[in-house]
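Residues: numbered from 1 along the sequence shown.
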Amino acid sequence: MSVAEFADKVVLITGGASGVGRAITDAFLAGGARVHVFDAARTHVESFLHEHPGAGATVCDVGVREQVDAAFAEFAAHHKSLHVLVNNAGIAGPAGAVEHLDPEGWDRCIDVNLNGVFYVTRLAIPRMVGKGEGVIINLSSNAGLFPCPHRSPYVASKWAMIGLTKTWAMELGPHGVRVNAICPTSVEGERIENVIRDDAEKRGLTSDEIRDVYQRQSSMRTFVTAEDVANMAVFLASDKARRVSGQAIAVDGHTETLANWLDH
């Protein structure tokens with residue numbers, strides 16, 4: 001990537017101050033973009049601004065429409081244009097058999113993972129359509145491509161995100177705006193290690209045994225890194241992908257199944 005590939009481009013990234021979102025943010029900053037992030041954690045926002053005082057950041061829970069409206073107004077006060085939107089913010093949601101799921105947990109997962117994408121995108125689109133160019137990247141999941149037992153709210157939100165991606169690509173394509181989804185598998189880091197540890201404790205197995213089960217779900221027998229996901233986001237936002245739209249692109253080492261053989 002050229003250091004100046006995204007020079008003068010304005011990029012808005014939700015959940016962009018930590019985790020995968022932070023890797024995506026760093027990748028666009030390295031390309032010269034003017035980046036603004038929304039993140040629900042004030043500590044993450046403060047840390048990000050300390051490291052990148054020239055960037056923009058707003059504390060915002062995308063699952064709350066009023067917060068999105070206020071955060072976007074702050075963004076708009078500093079940026080008159082928007083070239084790339086990355087809808088990355090998301091949560092795991094509750095896990096368990098559908099009859100045991102907590103309705104409040106279901107609502108919260110859908111609010112953040114799905115409604116939040118709508119809340120942000122509806123405000124972003126007029127800033128793209130008006131100038132005939134733009135890129136929207138939605139962070140779905142391989143759980144948006146495969147059934148995943150005991151993860152109903154998360155799966156529902158991620159499958160829906162792919163439907164929105166393809167629908168918005170149709171709506172916005174005539175205006176020069178491209179829309180794609182990235183579908184990662186489990187990303188190396190603290191979040192998946194916590195899931196592995198909890199699953200191991202429930203089953204009376206070691207973390208290594210559970211990690212092996214998860215990694216065997218893909219042909220390459222591996223998780224991906226945050227940088228793998230960031231690299232795909234940068235590619236999809238670049239001119240190299242100027243004819244790529246309406247796609248749900250897996251970054252997952254080729255998922256074969258999300259069914260867990262320990263449950264059979």
Side-chain angles (χ1 to χ4, degrees), residues 10-29 33-79 82 84-95 101-124 136-141 143-144 151 153-158 160-161 164 181-182 184 186-195 198 226 229-230 233:
V10 177
V11 181
L12 175 61
I13 303 169
T14 68
S18 62
V20 172
R22 181 56 185 270
I24 295 172
T25 296
D26 288 344
F28 278 106
L29 286 170
R34 291 180 287 158
V35 174
H36 193 107
V37 305
F38 291 170
D39 200 287
R42 182 171 298 276
T43 55
H44 292 158
V45 167
E46 291 173 347
S47 176
F48 171 74
L49 288 175
H50 177 74
E51 294 180 35
H52 300 284
T58 306
V59 177
C60 175
D61 180 343
V62 299
V64 180
R65 181 168 58 84
E66 293 78 9
Q67 289 193 31
V68 173
D69 290 346
F72 204 90
E74 179 179 328
F75 164 82
H78 292 88
H79 300 285
L82 176 60
V84 180
L85 168 65
V86 182
N87 285 307
N88 165 76
I91 60 174
L101 289 175
D102 172 38
E104 287 74 21
W106 171 283
D107 288 345
R108 175 60 179 163
C109 186
I110 297 299
D111 280 341
V112 175
N113 293 5
L114 184 57
N115 293 341
V117 173
F118 165 67
Y119 296 152
V120 176
T121 304
R122 64 182 285 272
L123 298 175
I136 298 172
I137 300 170
N138 297 322
L139 265 292
S140 182
S141 167
R151 298 293 305 280
Y154 183 78
V155 168
S157 68
K158 295 303 183 179
M161 190 179 292
L164 287 180
I182 301 175
S186 298
V187 178
E188 290 180 0
E190 182 179 359
R191 179 172 171 176
I192 188 60
E193 290 303 320
N194 289 337
V195 171
D198 291 345
V229 181

Pairs under 3.5 angstrom only: tabulate donor-acceptor contacts from the side chains of residues 14-24 to other protein residues two or more places apart or in another chain.
from	atom 1	to	atom 2	distance (Å)
T14	OG1	N88	N	2.9
T14	OG1	A89	N	2.9
S18	OG	H44	ND1	3.4
R22	NE	D26	OD1	3.1
R22	NH2	E51	OE1	2.8

List the atom pairs, with distances to 0.1 Å, where a side-chain N or O of residues 57-77 and a protein N or O form a donor-acceptor pair under 3.5 Å, not counting sequence neighbours.
from	atom 1	to	atom 2	distance (Å)
T58	OG1	H36	NE2	2.8
T58	OG1	E74	OE2	3.1
D61	OD1	G63	N	2.9
D61	OD1	R108	NH1	3.3
D61	OD1	R108	NH2	3.4
D61	OD2	R108	NH1	3.0
D61	OD2	R108	NH2	2.8
Q67	OE1	D61	N	2.8

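Residues I136 and V86 are not in side-chain contact: their nearest non-hydrogen atoms beyond the backbone lie 4.5 Å or more apart. V11 places none of its side-chain heavy atoms less than 4.5 Å from the side chain of R34. Contact check for I13 versus F38: no side-chain heavy atoms found under the 4.5 Å cut-off. Side-chain contact between V187 and I192 is absent, with no heavy-atom pair separated by less than 4.5 Å. Counting heavy atoms from C-beta on, the side chains of L12 and V84 never come closer than 4.5 Å.
For N194, the side-chain hydrogen bond (donor to acceptor under 3.5 Å, both in side chains) partners are R197, not counting sequence neighbours. Take S140 and apply the side-chain contact (heavy atoms from CB on, under 4.5 Å) test, not counting sequence neighbours, and it matches K158, M161, I162, A181, C183. Scored by the side-chain hydrogen bond (donor to acceptor under 3.5 Å, both in side chains) test, D39 finds no partners at all (sequence neighbours excluded). Considering only residues two or more places apart in sequence or on other chains, H78 meets the ring pair (Phe, Tyr, Trp, His ring centres under 6.0 Å) condition with none of them. By the side-chain hydrogen bond (donor to acceptor under 3.5 Å, both in side chains) test, E193 pairs with R211, sequence neighbours left out. Applying the salt bridge (charged side-chain N to carboxylate O under 4.0 Å, His left out) criterion to E46, with sequence neighbours excluded, gives no partner residue. For A156, the side-chain contact (heavy atoms from CB on, under 4.5 Å) test picks out W106, I110, with sequence neighbours left out. Listed by chain and number, the residues in a salt bridge (charged side-chain N to carboxylate O under 4.0 Å, His left out) with R42 amount to none (sequence neighbours excluded).
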Full working for side-chain contact (heavy atoms from CB on, under 4.5 Å) between V120 and N87: CA-CA 8 Å; V120 176; N87 285 307; 3.9 Å; yes
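Taking every heavy atom of both residues into account, A124 and L82 meet most closely at CB-CD2, 3.5 Å. The two residues G56 and F48 make their nearest non-hydrogen contact at O-CE2, 3.7 Å. Between V155 and A143, the shortest heavy-atom distance links the atoms CG1-O, 3.6 Å. Counting all heavy atoms, side chain and backbone alike, I91 lies closest to C109 at CD1-CA, 3.8 Å.
Pairs passing the salt bridge (charged side-chain N to carboxylate O under 4.0 Å, His left out) check and including a residue from residues 12-21, sequence neighbours excluded, do not occur.
With rounding to the nearest 0.5 Å, the separation of OG in S157 from CG in N113 is 4.0 Å.
Of the possible donor and acceptor atoms, one in the side chain of R151 sits under 3.5 Å from a partner among the backbone N and O of A92.
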